[in-house]
Amino acid sequence: MVARKKTEQQEQIQVDAASKICARTFEIISIAGIVFLIIGLVLYVTGVIPPFVPMSMMENYWKYKPSVFWQKVSEKLHVTIRLGSYLWIFDHINHSDMIAMIGVLIFVVGVIVSIIGICVAYAIKKDTRILIVSLIVLAITLYAILKYI
Amino acid sequence: MAGEKGVYGLIAISLAMLFVVLIIAAAGTYFHVKLPVEFWSVSLFFLTFAIGILAPVAGVGGGVIFVPVVSAFYPFSITFVRGAGLVMAQVNALVSVPKFLRAGLASLRIGLLAATVAGAAAIAGAKVGIWVVKAFPQGKYYIQMALGILLLFIFAIMVTSKRVEFPEVKEMDKIAKIFNLTGAYYEPALGRVVEYKVTRTGLALLAFAGVGFIAGMFGLGAGWANVPVLNLIMGAPIKVATSTSMLIIALTTTPAACVYLADGAILPLIMIPAVVGMFFGSRLGAWLTVKARPKVVRYIFLAIMLFAAIMDIYRGLHGLGYI
């Protein structure tokens, strides 16, 4: 009886379409991103695919700030590392550590997809005020991601 | 009884794991004991696994422990630690938000409104944080010292701030009315649906801008600051405040993470074990929180936080040549 009352009351709670879209996309991107991170970690640890930066090199340089760290890695490995964009990841994507970084990109891109879904849901509902707010959040997030392409 | 013993046994094992890892890490960082390079990654996994288990039990977020503790006890550049901390906070939020949204606990409308100012401020914070380290030869020490001071401030907030389960909001302010910042969720403790509304939205948005800046600059999720803003300033019920805070973190850490990612400030060997450890640990922690919430774990965590703050200030002052 109590359980039925609880279920009935929970059903009264109206979760709008935008919240449902946000929840579903967050679920998908978190699982997809974590899978990439774990695959990258396994490949890194097992050595099936060699990492871009060998572990032994890490130990000597990780105390330095990123710009110095990558400069030293670049000198040691005789490669170009294009910092300031995501290119430094894609340039070396055939390495296990960079494959793992795809997981982080999935988190970032997935949040944008989620916000686009939210905007569409509010547009369909003609909820103009919150739609404008959603578009501002989308613009800020897009600015951050597109700036470094 | 056996179940209860198991719960407390797990808490004791997690605490032991935390202390063992930190003692060995401190031996490597401060006393230059030669440790195998694999130790650092493996230990990060166990450290964040233990933090993930204990943080929900202690009622604190994982990032607020991770960044200060790792920057104090590990030999990594603080920028790499902040980068890993941001991704960790983002993953934690992405994983927990769906169930909060479906239960009506997280308010998408409040979350979006907060994210407009907090997101832009987080980008600015991330840029300033990276610029300070780049522009000043001793920039990382300034950041480390500032992190220690911030941690002392967070410690004071956590020790002194009160939480209000169901704040009474008599009238919504203009902004809250315009955006219809209301909601409802089922509260099992009361056995009924709780309807809520919020107020003082303008003041709260100002506070969110400050919180977003700090979150971006130091690589923290900043749930410790979002929750009081939502609960004490806006008058959202505490469960709504904690859940909506996670939604804000999910939305605002993304732009900041882009800044760190493009600048090469996210190092896979540090970030992956930290994120994966926290991912699995927090699952166990969520289960454990339902079973037990001993106050002693909170006090131990607060003590660790205080110690990490002192160590961060010490390392900052030492690096700047004052000690």
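Throughout, a chain's letter reflects where its sequence line sits, starting with A, and its residues are numbered from 1. These numbers come from the heavy atoms of this one structure, side chains and all, not from hydrogens, waters or symmetry mates.
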side-chain contact (heavy atoms from CB on, under 4.5 Å) between A/Phe107 and B/Leu261, worked out
CA-CA 12 Å; A/Phe107 297 136; B/Leu261 197 61; over 6 Å; no

Looking only at heavy atoms and a cut-off of under 4.5 Å, which of B/Val275, B/Thr79, B/Ile272 has the most pairs with chain A?
B/Ile272

Please flag which part of B/Val259 lies under 4.5 Å from any non-hydrogen atom of chain A: side chain, backbone, both or neither.
both

Criterion side-chain contact (heavy atoms from CB on, under 4.5 Å) on A/Val133 and B/Arg109, from CA distance to verdict
CA-CA 9 Å; A/Val133 172; B/Arg109 302 177 87 88; over 6 Å; no

Below 4.5 Å, heavy-atom pairs only: which of B/Val87, B/Asn180, B/Ile78, B/Leu101 has the largest tally toward chain A?
B/Leu101

Proximity breakdown for B/Ile178 and chain A, heavy-atom pairs closer than 4.5 Å:
both

Is A/Ile136 close to B/Leu112 at the side-chain level, that is, under 4.5 Å between some pair of heavy atoms?
no

Which atom names give the shortest non-hydrogen contact between B/Phe80 and A/Pro66, and what distance separates them?
CZ-CA, 3.7 Å

Checked B/Ile270, B/Val133, B/Leu247 vs chain A; the most non-hydrogen pairs under 4.5 Å come from B/Val133

Using a cut-off of under 4.5 Å for heavy-atom pairs, which of A/Ala18, A/Ser67, A/Ser19, A/Ala23 has the most such pairs with chain B?
A/Ala23

Kindly give the heavy-atom pair with the smallest separation between B/Pro255 and A/Ile140, and that separation in Å.
CG-CG2, 4.4 Å

Of all the heavy-atom pairs spanning A/Trp62 and B/Pro75, show the shortest one and how long it is.
NE1-CG, 3.7 Å

Between B/Ala250 and A/Phe26 the two heavy atoms that sit nearest each other are CB-CE2, 3.7 Å

Can you tell me how far CD of A/Glu59 sits from CG of B/Leu269, rounded to the nearest 0.5 angstrom?
10.5 Å

Roughly how far, to the nearest 0.5 Å, is the CD1 atom of A/Ile34 from the CZ atom of B/Phe280?
7.0 Å

For B/Glu195, look at atom CD and say whether over 12 heavy atoms of other residues, nucleotides or ligands are found less than 6.0 Å away.
no

Considering only heavy atoms, which portion of B/Tyr260 lies under 4.5 Å from any heavy atom of chain A: side chain, backbone, both, or neither?
neither

Which bit of B/Leu35 comes within less than 4.5 Å of chain A, counting heavy atoms only: side chain, backbone, both or neither?
backbone

Ranked by heavy-atom pairs below 4.5 Å to chain B, first place among A/Ile130, A/Val68, A/Ile145 goes to A/Ile130

Around atom CZ of A/Arg129, are there more than 12 heavy atoms from other residues, nucleotides or ligands closer than 6.0 Å?
no

Rounded to the nearest 0.5 Å, how far apart are OG of B/Ser41 and CE of A/Met58?
8.0 Å

Distance-minimising heavy-atom pair for B/Leu94 and A/Val111
CD2-CG2, 3.9 Å

Contacting moiety of B/Val97, where chain A heavy atoms sit under 4.5 Å:
side chain

Chain A shares the most heavy-atom pairs under 4.5 Å, among B/Leu251, B/Ile266, B/Val117, with B/Ile266

Indicate yes or no: at least one non-hydrogen side-chain atom of B/Arg102 is less than 4.5 angstrom from one of A/Arg24.
yes

Could you tell me whether the side chain of A/Tyr143 reaches within less than 4.5 Å of the side chain of B/Ile123, counting heavy atoms only?
yes

Interface check, chain B: of A/Phe52, A/Tyr61, A/Tyr44, most non-hydrogen pairs under 4.5 Å belong to A/Tyr44

Taking every heavy atom of A/Ser30 against every heavy atom of B/Val95, the minimum-distance pair comes out as CB-CG2, 3.8 Å

Full working for side-chain contact (heavy atoms from CB on, under 4.5 Å) between B/Leu267 and A/Phe69
CA-CA 10 Å; B/Leu267 214 52; A/Phe69 175 93; 3.6 Å; yes

